[in-house]
Amino acid sequence: MKAVAVTPSQKEVGIIEHPSPALHQDDEVRVRTIDVGICGTDREICTFVYGDPPSGSEHLVLGHEAMGEIVEVGANVSNLKVGDFVVPSVRRPCQDKNCLACQSNLQDFCSTGNYVERGIKECHGFMTESFVEQEQYLTHVPDNLKDVAVLTEPLTIAEKGLAQAWAAQQRLPWVRHYDGEKPTGKGLNAVILGAGPIGILGAMTMKAAGFETYVYNRSPAPNPKSDIIESIGAKYISSQDTPLEDLPKVMGSVDLIYEAVGISALAFDALSILGVNGVYIFTGIPAPGARIPIDANQLMRDVVLGNQAIIGTVNADDASFKAAISDLAYFKQHWPEAIEAVITKRFPVDDCRELLLERATGIKNVISFA
Ligand SMILES: [Zn+2]
Ligand SMILES: [Zn+2]
């Protein structure tokens with residue numbers, strides 16, 4: 001069957017012939033791939049800076065943002081059946097019995113670094129006609145969400161980020177409002193840095209959680225991204241109109257910053273506008289390289305005197321996948337056009353080299369195997 005793979009030893013990217021996978025364990029299912037999203041991680045792997053094939057393989061099958069339909073189930077699969085739509089998670093635990101995170105099914109917090117990641121690190125991904133996965137790493141997708149469920153994995157970044165923010169803000173009992181079971185951001189202000197797919201999905205997540213939500217991005221409005229942001233009732237602010245330091249004048253106290261740009265200069269500049277008792281979530285991964293000047297004394301004073309929390313977050317756990325499916329249902333109900341507009345276009349697999357190697361365009365491009 002066809003798969004999209006990188007062969008680092010040959011510096012090659014493209015379609016290869018890959019053996020069809022079979023079930024090897026009773027808790028596995030075989031999934032017919034429908035959609036696979038392409039993101040910056042895939043494009044970086046195609047520049048061979050990282051992305052390791054599994055041991056014994058010359059190539060790594062790409063793809064970690066997938067949605068598919070179950071076509072075969074093992075004897076011990078209990079909660080999924082043939083015909084169900086599912087999304088897989090990405091990271092698989094390390095084998096170290098002393099890694100309490102992996103032993104607790106929280107491999108997103110793995111402490112050894114010996115985890116593997118499908119489509120990224122030492123494990124084949126999902127950009128292929130079908131794949132096999134254990135039931136525990138799959139999240140069920142309700143039928144009415146199948147056209148947007150390829151966004152689940154990138155959305156989990158925001159879900160885990162928000163969960164970390166709530167965990168930190170448990171220290172502030174007066175802002176720990178609840179809306180039923182869920183904490184709510186009502187009365188609080190959030191800033192999203194960047195309006196790529198992670199930023200837009202972050203804005204939707206914060207808005208759905210009740211925050212007054214602002215997205216700060218370089219391009220002037222109107223543009224396709226600002227249209228999506230404004231249509232969900234969040235506010236889009238261009239850095240070309242409003243300098244970062246003026247944001248608190250526009251929006252009031254900055255209670256939460258969700259960084260989704262991966263540009264350290266902007267990310268650290270934004271730390272200076274974080275409000276008292278605020279929480280800052282970093283999600284971007286800048287390339288190592290040139291040092292940037294920052295006013296470290298002022299930033300450290302602000303962090304200490306303002307009781308600020310700065311949290312990095314990567315990957316996602318099972319709870320974040322469930323939260324993402326639940327939020328996708330909310331987005332689809334309240335902002336159907338906006339969530340559909342995040343998916344720029346579906347392409348046949350034969351277009352993979354252009355999508356992976358040429359200049360990035362649109363918001364979220366998807367390879368469709370259906
Ligand atoms: Zn991705
Ligand atoms: Zn581990």
Side-chain angles (χ1 to χ4, degrees), residues 4-6 13 33 35-47 49-52 60-68 87-128 131 136-137 139 148-161 194-202 205 258-262 282-287 313-318 320-321 324 328 342-344 346-347 352 355-357 360-368:
V4 179
V6 291
V13 177
T33 311
D35 283 336
V36 185
I38 290 183
C39 78
T41 300
D42 302 304
R43 297 169 58 84
E44 275 171 17
I45 293 172
C46 291
T47 68
V49 286
Y50 57 89
D52 302 314
L60 170 75
V61 175
L62 284 171
H64 58 275
E65 304 179 1
M67 192 285 291
V87 291
S89 63
V90 180
R91 190 177 284 188
R92 302 293 170 262
C94 74
Q95 298 306 314
D96 190 330
K97 293 285 175 254
N98 294 316
C99 180
L100 297 179
C102 287
Q103 294 293 311
S104 312
N105 298 320
L106 292 171
Q107 51 270 18
D108 53 317
F109 287 101
C110 177
S111 57
T112 67
N114 295 326
Y115 56 81
V116 302
E117 288 176 332
R118 294 205 63 161
I120 302 173
K121 183 174 182 279
E122 297 160 31
C123 191
H124 288 312
F126 309 115
M127 218 175 270
T128 173
F131 59 88
Q136 62 171 314
Y137 301 126
T139 302
V148 291
V150 68
L151 299 172
T152 305
E153 196 279 337
L155 176 56
T156 61
I157 306 299
E159 299 293 351
K160 181 178 167 188
I198 298 292
I200 292 173
L201 293 169
T205 305
Y258 181 77
E259 177 275 321
V261 281
F282 277 104
T283 78
I285 308 174
T313 179
V314 70
N315 211 266
D317 62 351
D318 190 48
S320 301
F321 272 82
L328 272 181
V342 177
I343 299 174
T344 304
R346 286 180 164 83
F347 294 86
C352 65
L355 291 167
L356 289 162
L357 300 173
T361 55
I363 302 171
K364 174 61 72 182
N365 286 316
V366 169
I367 289 181
S368 183

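In listed order, ligands and their atoms are each counted from 1. One is the number of the first residue; the rest follow in order along the sequence.
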What's within reach of the Zn ion (ligand 1), meaning protein N/O/S atoms under 2.8 Å? Cys39 SG, His64 NE2, Glu65 OE2
For the residue pair Cys39 and Glu65, establish whether any side-chain heavy-atom pair is separated by less than 4.5 Å. yes
Is there a side-chain contact between Arg91 and Val314, using heavy atoms and a 4.5 Å cut-off? yes
Please tell me if the side chains of Phe282 and Thr313 come closer than 4.5 Å, counting only heavy atoms from C-beta onward. no
What do you reckon, is CD of Gln95 surrounded by more than 12 foreign heavy atoms closer than 6.0 Å? no
Mind checking side-chain contact (heavy atoms from CB on, under 4.5 Å) for Ile157 and listing every partner two or more places apart, or none if nothing turns up? Ile198, Tyr258, Thr283
The ring-ring contact (aromatic ring centres under 6.0 Å, His included) partners of Phe131 (sequence neighbours excluded) come to Phe126
A quick test of your reading: do over 12 heavy atoms of other residues, nucleotides or ligands sit less than 6.0 Å from CD1 of Ile285? no
Could you count the protein N, O or S atoms found under 2.8 Å away from the Zn ion (ligand 2)? 4
Could you check if a side-chain atom of His64 sits within less than 4.5 angstrom of a side-chain atom of Asp42, using non-hydrogen atoms only? yes
Check whether any side-chain heavy atom of Ile367 lies under 4.5 Å from a side-chain heavy atom of Leu355, and answer yes or no. yes
